[in-house]
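Numbers restart at 1 for each chain; the letters A, B, ... are given by sequence-line order, proteins then strands.
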There are 2 protein chains.
Amino acid sequence: MPDHTRPPDKRATIYDVAAEADVSPSTVSRAFSRPSRVNSETAERIRRVAERLGYRTNPLARALTTSRTHMIALVIADITNPVYAEIVRGAQATAMNDEYTTLLIDAQESDRLERTAIERTMPTVDGIVLASSRISDSAIRMFAKQRPVVVLNRAIADVPCVVTDNPRGVRRAAEHLGELGHDHITYVAGPQASWPNGIRWRSLLEAGMELEIKVRQIGPFSPTIEGGERAAEELRSRPATAVLAFNDQMAIGLIRGLTRMGVDVPGDVSIVGFDNILAADIVTPGLTTVAAPLYAEGSAATRHLLSMIEGAPGHTGRPMVLPVRLVVRHSTAVRNLRPGRARPPGVRQRPTTTPAVHLS
Amino acid sequence: MPDHTRPPDKRATIYDVAAEADVSPSTVSRAFSRPSRVNSETAERIRRVAERLGYRTNPLARALTTSRTHMIALVIADITNPVYAEIVRGAQATAMNDEYTTLLIDAQESDRLERTAIERTMPTVDGIVLASSRISDSAIRMFAKQRPVVVLNRAIADVPCVVTDNPRGVRRAAEHLGELGHDHITYVAGPQASWPNGIRWRSLLEAGMELEIKVRQIGPFSPTIEGGERAAEELRSRPATAVLAFNDQMAIGLIRGLTRMGVDVPGDVSIVGFDNILAADIVTPGLTTVAAPLYAEGSAATRHLLSMIEGAPGHTGRPMVLPVRLVVRHSTAVRNLRPGRARPPGVRQRPTTTPAVHLS
DNA sequence: CAATACATGGCAACCCGTTGCCGTTGCGGC
DNA sequence: GCCGCAACGGCAACGGGTTGCCATGTATTG
C-alpha cells in the first residue's frame, strides 16, 4: 500500500500519481514534460492513472523551477479604442496556438499606469508585447533587459519592433487628396506621446514636398470623437478643404463637428482617417481611411515574441513593417472651388453605403 | 562572511537579503508578509538591504505555498464587441485597486474555446468573472466548485450573479414604442446561447401582455451588424413597424439593411437596440437604445469576486441587479399609418445629431 | 565473450517563499 | 529572587514540479 495519501478535495499531484502507478515522482514528471525520456508503456500507464485521478500539472510549481510561466503580457494603450480588439485577437490566437496564455493590460493612455502595470506583471510573464506604448524609449529598454519585449506601432533602436507602413499610408492619402484637386492638407494631430502621430506628420511633410501640396498641423487633440469635435471648432477659425486626422475616431468627431456647424463633408471639406475601425463604415458619410492589418500586427508581434522566448536572437536590426491600404469611401471628394456655394457635379451629397473601394 | 552568493545577473532572493542583513530567510519573509511579527528596527534594516539589492518577492514562489496568485480571470464572449470595453475597465480598475491583476480571456463566442481557456487558466487564478458566458449552467457550476466564480449578465442558481434589469429595460422600450402608436413589436433575436437574449424575449412577451402590444420573434441571428442586415432581409417578407433588436450592432445592421432597401427609419420602421455602444450615437439616424451601466457591471462583479476570495460567503440568494435606462435618439418615431406614403408631420427625416434624451 | 552504448528509472538537490513550532531573551509582577 | 509572559528570530518542513547524475539492465559491436 502506498504511503502517500491525500485529502480527496485537493488536486492530485505527481506524488499521488507516482504512488498509484508505482513509479517515482520524477518519472511522472518526465512522462509529461519529456515523454521521450521514459518507456512508452510506462508513460502510457502513468497517463492513464493521471487521467483517472484528474491530475493536471500545476503551472506555478513548474514555473518555479523552469522560470517559464507560459504567459505573455499584451499591453494596450486604451481598450476603449476598437483598433485594439483585432490586435488582441491576433495576439491571443497565435499565443494560444503555442499554448501560451495572454494577459491583457489596459494602460488607459496613462504613462504611470502603464509603467506600474508592467512592473507588477513582469515577474510572472515570459515576455511582453507593448502595443502603442506611451512610456519612454529608455523605460522600454529597461524592461527589455529583463524580459523579451516586442514593441508594436513604434520604432525603438535595439528593441524588436513591428510597425505598419505609415509613410506609405500617408503618401497614398495625400495622393488621393491631390488627385481630387486639393493643394493644401491639414493634419489634425493626436497625442504627442504617440509614436504614430509623429511619424504620420513627418510623412505628410515629406509627401507634401514631393507632391507639391502644402501642409500644416493643428492640435494635439485627444484621439477620441470629442477630440475631433474640438478640432472642428478650431478649424472654424482656420478653415481647410482637406484634412488628414490622426485616427478614425478623430475623423468621425470632425465629421460630426463640421456637419453640426453647417460645413458639408465632403462637399466643403474632405476628411481622411486612420485605422479603418468599424464605425468608419457606419458614420455618414462613410469615412475614407488608411487601413492597417490589425490582426496581422498582433499576430506578427506575438509570433516574434514567442520565438525570442524560445531563444531566437530577437533584434533584427530594422523594424518589421506591415503593409497598409487606402479605403476610399465618401468623406473625400473633388475640391469645392467656390466655398459655401454649389458643388461641382458628380459629387454625391448623400452617399449611401455602397461597398468601399480598396486601393493598393 | 555570508556563505550565500549569487550570480549577479539573477534576481535577489530572500536568501541573498538574509545573508546581507545577517538574519534568517524566514525573518526576511516575515519582514514583508507580516511586518508586525518582526522588530521594527530589524524590519527597517531588512527593507533597506532589500532595496539596495533590488529584491522583489517572487509572486510564483509565494503562490506556491499560499495558493493565492493575486490574479483573477475575466472571460468575455467577444472582444470585438465594444460593450466589453467598459466592463473590462470597471473590472480592471477595482481589481487593480486591491492589487489584483486581471487576466482577460476572449472566448470568441465559442463554447469550446471558452471552456478550454477556463480550464487552462483556472489553476493560476484566484477567481473568475464570466461575462456573458456561452457555456452551460452545469459547466459553470463545475468551475464554481473549484474556484470563486461570479457570473455577469446571466442568472444561475447557486452561483453569484450580477445582471442588468433587462425586464425593466424591455418594458421601457415597449412603453416608448407604445406611446408612439405602435401596437406590434418584432423582436430580432441574438444567439440562443445568450442568456440576455432569452430574458429579453420573455420580458417582451410579458410587457406585450400588459401593454396590449402584439409581439413576435424572428431569428436567431448573429449579434453583429451582418446579423442585423440579414434580419433586415427577413423583414422584407414579414414587414414590421417597430423592432426591438437584441443589441446595438444588430440594430445598426437593421438600419443599414432597411435603408438600403428603401425603407425609411424611423419613418416606416422604428428601431430600438440594447447596450448604447458608441456607434449608436454615430449611426444615422441615431439609435434609440437601452443603456446598461457597463463600468458598474464590471466593477460590481469584480468587487463581489474579490470579497469571495477574501472568504466572504459569496452566494447571496438572488442575483444582484443593476439599473438600466432608455436613451431616446432618432431611430424611433410615431407610427406611420399609411405605409410607403407621406409621413405624419413632426417626424424629422434627417435627424442631426443633437444631444440624446435620457429617460428614467 | 568482453567491452561499450543506450534505454530507463530513481535519488536528491533545487526553485523561492511561507509558516508551525520552538528556543532565547528581557521585562514586569509578586 | 523566581515565575510567567510577550516579543523576536531561527529551524525545518513544506508546496509541486524539474533535472543532473548515477545505477541497473539490455542491446549492440567487434
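Contact annotation: Ser24(B) reaches the phosphate of dG10(D) (side-chain N/O to OP1 or OP2, under 4.0 Å). At the phosphate of dG17(D), neither OP1 nor OP2 sits under 4.0 Å from any side-chain N or O atom of Thr57(A). Using a 4.0 Å cut-off, no side-chain N or O of Arg37(B) falls inside it from OP1 or OP2 of dT18(C). The phosphate of dG16(D) (OP1 or OP2) has a side-chain N or O of Lys10(A) nearer than 4.0 angstrom.
Comparing atom distances between the Ser29(B) side chain and each of dT19(C), dT18(D), dG16(D) picks out dT19(C) as nearest. Closest contact between the side chain of Asn58(B) and the listed nucleotides dC11(C), dG17(C), dC11(D) involves dG17(C). Ranking dG16(D), dT19(C), dG9(C) by closeness to the Thr13(A) side chain, first place goes to dG16(D). The side chain of Thr42(A) sits closest to dG9(C) out of dT18(C), dT18(D), dG9(C). Closest to the side chain of Thr65(A), from the set dC14(C), dT19(D), dT8(C), is dC14(C). Among dG10(C), dT19(C), dT18(D), the nucleotide with an atom closest to any side-chain atom of Thr66(A) is dT18(D). The nucleotide whose nearest atom lies closest to any side-chain atom of Arg30(A) is, among dC16(C), dC21(D), dC11(D), dC21(D).
In this entry the distance linking CD1 of Ile14(A) with C1' of dC11(C) reads 13 Å, nearest Å. Distance Arg62(A) CZ to dC16(C) P: 17 Å, rounded to the nearest Å.
Nucleic acid contact for Tyr55(A): sugar-phosphate only, since backbone atoms but no base atoms lie under 4.0 Å from a heavy atom of the residue. In this structure, Arg68(A) reaches neither bases nor backbone, as no heavy-atom distance under 4.0 Å exists between it and the strands shown. Using a 4.0 Å heavy-atom criterion, one finds that Val23(A) contacts the sugar-phosphate atoms exclusively. In this structure, Ser26(B) reaches the bases: a heavy-atom distance under 4.0 Å links it to at least one base atom across the strands shown. Counting any heavy atom pair closer than 4.0 Å across all strands shown, Ser67(B) reaches no nucleic acid atom.
If you look at Phe32(B) and Tyr55(B), their ring centroids are closer than 6.0 Å.
Map Ala61(B) and Pro25(A) each onto its nearest nucleotide of DNA chain C; the residue landing nearer the 5' end is Pro25(A).
If you check the side chains of Thr164(B) and Glu297(B), you find no donor sitting under 3.5 Å from an acceptor.
A salt bridge links Arg48(B) with Glu44(B); the closest basic N to acidic carboxylate O contact falls under 4.0 Å. One finds a salt bridge joining Glu99(A) and Arg120(B) here, because a Lys/Arg side-chain nitrogen approaches an Asp/Glu carboxylate oxygen to under 4.0 Å.
For the residue pair Pro148(A) and Leu305(A), the shortest heavy atom distance occurs at O-CD1, 3.5 Å.
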